[in-house]
Amino acid sequence: MTEQPNANPQQPGEPAGDRLAPRPLARPAVDPAQAATFGRPRGVDGAFDKLYQPGANGQAAPGLNLAPPTPESLAEAFRRPPGAEGVVLERPHGSNGSEPSSNGAEGPLWTTTSDPWRDPGSGAVLAGPAVQQDSEEEKDAKRPQGALLSLPEVLFGRRVQAKALAMLAAVALVVGAAGGLIGWWFADTGSELTGQASISEADAAKERPAGSIADIAHRVAPAVVSLEVFKPGAEAGQQGSGVVIDTQGYVLTNEHVISTATTDSATKVTAVFFDGRRVEAKVVGADPKTDLAVVKVDVGNLTALQVGKSSDLAVGDSVIAVGSPLALQNSVTAGIVSALNRPVTAGGDGGSAPVIYEAIQTDAAINHGNSGGALVDATGALVGINSAIRSSSAEGGSIGIGFAIPSDYAVKIAKTLIKDGKVVHPDIGINASSTVAGSSTMGAQVRNVAPGGPAASAGIKEGDVVTEVGGRAVRDSAELLVAVRAREVGEVVPVRLVRDGSSLVVDVKLASD
């Protein structure tokens, strides 16, 4: 194979056509401030190690002033004495300067041959500590070990024999035992009235099972409050109880507890909770005819009492009254249901109209201040609002006859007060009184009839005796009012009458009062 000649041979002196020229040297600009800081001083060329060339007297080379000259006063105070240029600031360890060093002359411990990293011109050398410290082994070796003393030697200075020491211990034991026996004898026979008592203690705490009075009281207490009604500047006020029936802050109570607050805007109502919190309560609505009222408090995390059915109660059922009798907050009393559907007439003090309602009678102790509190059943559910008592004393203390408004009726009135702020009641349009003893017919005798009222429209006349309303027996005027209010406005109710010894039934459409 023959070599082909180059098509374009390079002529001498001509640049190669395929070769690249050298790239230009990149020389970035240098910041003048950095150049002044890190650059060579002006007029100095070469490496930095040549900037300082000490002469025979240790001064810098001419032409470069690295530091100002030392003041003459300092140089005279700290330099070596004249004629002692070979004396160093510190001598090697173990040398006081009176003897020559190992190399035969007084001088530094390190030299250029033994330690090339040490400045041979330095006047200071490394040496050992100024004071020699002995090691722990040396200290122990120097301390003499003495003989250990025995107990008799420590106590009696080696002057008591072991036999005498044993006899002394025996005598001390006998004296101590005799003293203990004498003390026991005096303590046991010193007096016939004193001695050691043997007291029996219970093995376990009292049990409080679910459903016990203690358990119910614990669950009910947070939902029962004490209500204080007072006017600023007044010496005294009213006090009663209330029941939280809604977590929004609605509290059900008796109207006679907060009656002054409904007529005087300056009177304030304060609710006191079982944990001591005191908050202001606002009157939502009150109904004097049923002795029920609702106030509201602005409190978070309220506990509302569960409402039971009072219609499910039976005579003899266990009930618990919770309230603040005589301002004694969170008081709990227990009893039974003594009677149901008991017409009660209460109030009427100071010229006010009496209140008539159908009540639950109980022998659970109820006193002044319990009004508006809770009557709960054996499950802790609200079945009544404590309202009144019968008493044989002027102070009005409990004799075991208390009355509560049934929860079925009380909650119905409370809902209406919360919704409308007031309550309207059905009315028959007559005034009646109980028949006198010895009458042939027991019931409510009509005294007068309101013109144009429901009774007048139904043909009821004065002198008629009402014995039944809507199938419910009426034995006196209180039961007539209770039977009418148990109905609704606009409802048509059959009413049985006795007129001139004859019985008849008329239909009455109840109106609003």
Side-chain angles (χ1 to χ4, degrees), residues 287-291 310-311 313-316 337-349 351-362 387-388 390 392 401 403-406 408-409 412-413 423-513:
D287 183 27
K289 292 185 177 181
T290 59
D291 195 22
S310 56
S311 58
L313 287 176
V315 175
V337 175
S338 302
L340 295 170
N341 304 323
R342 179 80 73 188
V344 174
T345 302
D349 301 331
S352 61
V355 179
I356 300 175
Y357 54 86
E358 192 174 44
I360 302 169
Q361 182 180 332
T362 178
S387 300
R390 289 286 186 269
S392 59
I401 303 178
F403 303 100
I405 302 174
D408 294 350
Y409 187 66
K412 174 184 175 181
I413 298 297
V423 178
V424 294
H425 303 280
D427 183 61
I428 196 173
I430 62 174
N431 289 328
S433 62
S434 301
T435 55
V436 297
S439 300
S440 58
T441 304
M442 180 179 293
Q445 189 172 18
V446 179
R447 294 301 181 184
N448 55 67
V449 180
S457 301
I460 298 177
K461 300 179 180 179
E462 294 182 6
D464 292 345
V465 177
V466 180
T467 59
E468 189 177 297
V469 174
R472 175 173 175 170
V474 174
R475 291 166 292 185
D476 52 31
S477 59
E479 288 191 353
L480 172 62
L481 183 60
V482 168
V484 171
R485 287 184 177 172
R487 300 292 176 166
E488 299 292 337
V489 176
E491 184 179 356
V492 177
V493 180
V495 177
R496 183 176 295 277
L497 308 172
V498 175
R499 180 184 297 169
D500 298 331
S502 299
S503 178
L504 67 154
V505 177
V506 296
D507 291 332
V508 180
K509 184 178 181 180
L510 302 178
S512 172
D513 61 353

Looking at CD1 of Ile413 and CG of Asp408, how far apart are the two atoms once the value is rounded to the nearest 0.5 Å? 12.0 Å
Is a donor on one side and an acceptor on the other found under 3.5 Å between the side chain of Thr435 and the backbone of Gln445? no
Main-chain N/O of Gly470 paired with Arg487 side-chain donor or acceptor, under 3.5 Å: yes
For Gln361, the side-chain contact (heavy atoms from CB on, under 4.5 Å) test, sequence neighbours excluded, returns Ser338, Ala339, Arg342, Ile401, Phe403
Indicate the atoms forming the closest heavy-atom contact of Arg485 with Pro426, along with that distance. CA-CG, 3.8 Å
For Ser310 against Pro406, the heavy-atom pair lying closest together: OG-CB, 3.4 Å
Pairing residues for Glu479 by the side-chain hydrogen bond (donor to acceptor under 3.5 Å, both in side chains) criterion, not counting sequence neighbours: Arg475
Nearest 0.5 Å please: distance from the CG atom of Leu340 over to the OG1 atom of Thr362. 10.5 Å
Run the side-chain contact (heavy atoms from CB on, under 4.5 Å) check on Leu497 and Val466 step by step: do they pass? CA-CA 5 Å; Leu497 308 172; Val466 180; 3.6 Å; yes
Donor-acceptor pairs under 3.5 Å, side chain of residues 451-458 to any protein atom, not counting sequence neighbours: which ones?
unit_1, atom_1, unit_2, atom_2, d
Ser457, OG, Gly453, O, 3.0

Evaluate Val493 against Ile428 for side-chain contact (heavy atoms from CB on, under 4.5 Å), listing each step before the verdict. CA-CA 10 Å; Val493 180; Ile428 196 173; over 6 Å; no
Atom pair CG (Leu480) and OG (Ser434), whose distance is rounded to the nearest 0.5 Å: 9.5 Å
Sequence-distant partners of Glu462, salt bridge (charged side-chain N to carboxylate O under 4.0 Å, His left out), two or more places apart: none
Under 3.5 Å, sequence neighbours excluded: what are the donor-acceptor pairs made by side chains of residues 498-513?
unit_1, atom_1, unit_2, atom_2, d
Arg499, NE, Asp464, OD1, 2.9
Arg499, NE, Asp464, OD2, 3.2
Arg499, NH2, Gly459, O, 2.9
Arg499, NH2, Asp464, OD2, 2.8
Ser503, OG, Arg496, NH1, 3.2
Asp513, OD1, His425, N, 2.9
Asp513, OD2, Lys289, NZ, 2.7

Could you tell me whether a side-chain N or O of Asn431 sits under 3.5 Å from a main-chain N or O of Arg447, the two making a donor and an acceptor? no
Any idea which heavy atoms bring Val337 and Ile360 closest together, and the distance? CG1-CG2, 4.0 Å
Which residues pass the side-chain hydrogen bond (donor to acceptor under 3.5 Å, both in side chains) test with Thr345, not counting sequence neighbours? none
Closest non-hydrogen atom pair between Thr290 and Ile405, with its separation: O-CD1, 3.4 Å
Which pair of non-hydrogen atoms, one from Pro343 and one from Asn341, has the smallest distance, and what is that distance? CD-O, 3.1 Å
I need the minimum non-hydrogen distance between Ile460 and Val449, along with the two atoms involved. O-CG2, 3.6 Å
